[in-house]
Amino acid sequence: MASGFASKWSKVGRQLLGGLGNNFSGLLSTSHEITCSNPLFQQQRTFIQMRTVLKVVDNSGAKKVMCIQALKGKKGARLGDTIVASVKEAHPNGKVKKGKVVYGVVVRAAMQRGRCDGSEVKFDDNAVVLVDKQGQPIGTRVFGPVPHELRKKKHVKILTLAEHIA
């Protein structure tokens, strides 16, 4: 019964599609372009603000932190800015424990930022390196790419620890 029902509807569908002819493929591509260009379907990239969860990319012991406050700036933090964060996930034997309030420097942000030469830099995730109150990194290694804009923000020590500078 179910197979007869399915074959009946597939036959009706083929008849409808046959009537459209070659125009159906063009109809599909235009509808796809419409949905992709619609701003409602695109992910909005914004500042790193309160309650944003960031990945920790050093070996300080924390895995994920949640932003409590972005220092300097009303809207939020961007590349190279310092934030106050709470550790949400941590390795058991790390220097930093879960629940501790720490400072961090944003080294990767999903929001694009323009460079002097006209190009723009944008990363897939939001990432942070944990630092102490003086701005010195807690960890001894930094994983993944780090933008060279940190040099202007006086975070040269993070650049020396990074394995790749973008």
Side-chain angles (χ1 to χ4, degrees), residues 26 28-166:
L28 267 181
S29 65
T30 55
S31 67
H32 178 67
E33 291 168 5
I34 291 169
T35 57
C36 290
S37 64
N38 191 345
L40 295 175
F41 292 102
Q42 295 177 351
Q43 184 179 5
Q44 184 68 25
R45 307 280 180 166
T46 59
F47 288 95
I48 292 167
Q49 56 194 356
M50 191 184 302
R51 297 183 62 85
T52 302
V53 177
L54 299 103
K55 181 179 176 184
V56 179
V57 291
D58 61 5
N59 61 349
S60 61
K63 293 181 190 177
K64 290 189 178 182
V65 295
M66 186 173 69
C67 179
I68 295 174
Q69 181 182 9
L71 303 177
K72 293 184 184 177
K74 290 182 179 180
K75 289 187 178 180
R78 297 180 86 174
L79 283 177
D81 291 345
T82 305
I83 63 169
V84 180
S86 171
V87 178
K88 291 297 175 187
E89 291 180 25
H91 291 287
N93 297 327
K95 297 176 189 175
V96 180
K97 303 297 181 198
K98 181 180 176 183
K100 187 176 180 186
V101 177
V102 293
Y103 288 92
V105 174
V106 178
V107 294
R108 291 200 294 260
M111 183 179 177
Q112 63 186 12
R113 180 178 176 134
R115 288 187 168 169
C116 300
D117 60 354
S119 63
E120 292 179 335
V121 61
K122 175 173 70 170
F123 294 97
D124 292 336
D125 60 346
N126 296 321
V128 68
V129 171
L130 301 185
V131 295
D132 57 9
K133 286 189 177 186
Q134 288 78 31
Q136 298 301 314
I138 295 174
T140 56
R141 295 177 65 196
V142 176
F143 306 109
V146 173
H148 66 81
E149 281 89 2
L150 295 180
R151 191 177 309 277
K152 293 178 185 174
K153 301 267 188 162
K154 307 287 190 240
H155 298 296
V156 182
K157 181 71 174 171
I158 296 173
L159 285 172
T160 59
L161 296 175
E163 59 185 29
H164 178 69
I165 298 174

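Residues Val106 and Ala77 approach most closely at CG2-CB, 4.2 Å, considering heavy atoms. Between Ala62 and Val87 the shortest heavy-atom distance is CB-CG1, 3.9 Å. Of all heavy-atom pairs spanning Ile158 and Pro137, the tightest one is CG1-CG, 3.9 Å.
Put simply, the residue from Leu54, Thr52, Leu71 that forms a side-chain contact (heavy atoms from CB on, under 4.5 Å) with Ile83 is Leu54. Of the residues Arg113, Lys153, Glu149, the one that meets the side-chain contact (heavy atoms from CB on, under 4.5 Å) test with Arg78 is Arg113.
Side-chain atoms of Asp117 come within 3.5 Å of backbone N or O of Ser119 as a donor-acceptor pair. Judged purely by atom type and a 3.5 angstrom limit, Lys97 uses its side chain to pair as donor or acceptor with the backbone of Pro92. In this structure a side-chain-to-backbone donor-acceptor pair under 3.5 Å is present from Lys95 to Ile138. One N or O on the side chain of Glu163 and one on the backbone of Gly144 form a donor-acceptor pair closer than 3.5 Å. Proximity of a side-chain donor or acceptor of His155 to a complementary backbone N or O of Gly80 within less than 3.5 Å is detected.
Around the CZ atom of Arg115, the shell of radius 6.0 Å holds more than 12 heavy atoms that belong to other residues, nucleotides or ligands.
To the nearest 0.5 Å, atom NZ of residue Lys72 and atom OG1 of residue Thr82 are 7.0 Å apart. Atom CD1 in Ile48 sits 7.5 Å away from atom SG in Cys67 (nearest 0.5 Å). Rounded to the nearest 0.5 Å, atoms CG (Asp58) and CZ (Phe143) are 7.5 Å apart. Taken from NZ in Lys55 to CZ in Phe123, the straight-line distance is 12.5 Å, to the nearest 0.5 Å. Taking NE2 of His148 as the reference point, atom CD1 of Ile165 lies at 9.5 Å (rounded to 0.5 Å). In this structure, Lys88 NZ and Lys64 NZ are separated by 12.5 Å, a value rounded to the nearest 0.5 Å.
Within the 4.5 Å cutoff, no side-chain heavy atoms of Lys122 are placed close to those of Met111. Under the 4.5 Å side-chain criterion, counting only non-hydrogen atoms from C-beta, Val65 is not in contact with Ser86. Put simply, the side chain of Val107 does not reach to within 4.5 Å of the side chain of Val128, judged on heavy atoms.
The closest side-chain donor-acceptor pair between Asn59 and Thr140 falls under 3.5 angstrom.
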> Does the side chain to side chain contact (heavy atoms under 4.5 Å, CB included) test come out yes or no for Val121 and Leu79, once each step is laid out?
Replying inline: CA-CA 10 Å; Val121 61; Leu79 283 177; 4.0 Å; yes
> Given the rule in the side chain to side chain contact (heavy atoms under 4.5 Å, CB included) test, do Gln49 and Lys75 qualify, once you have shown the distances and angles that lead to the verdict?
Replying inline: CA-CA 7 Å; Gln49 56 194 356; Lys75 289 187 178 180; over 6 Å; no
> Taking it one step at a time, do Tyr103 and Val84 satisfy side chain to side chain contact (heavy atoms under 4.5 Å, CB included)?
Replying inline: CA-CA 5 Å; Tyr103 288 92; Val84 180; 3.7 Å; yes
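The residues Asp124 and Arg108 are annotated as not salt-bridged, no charged nitrogen and carboxylate oxygen being separated by less than 4.0 angstrom.
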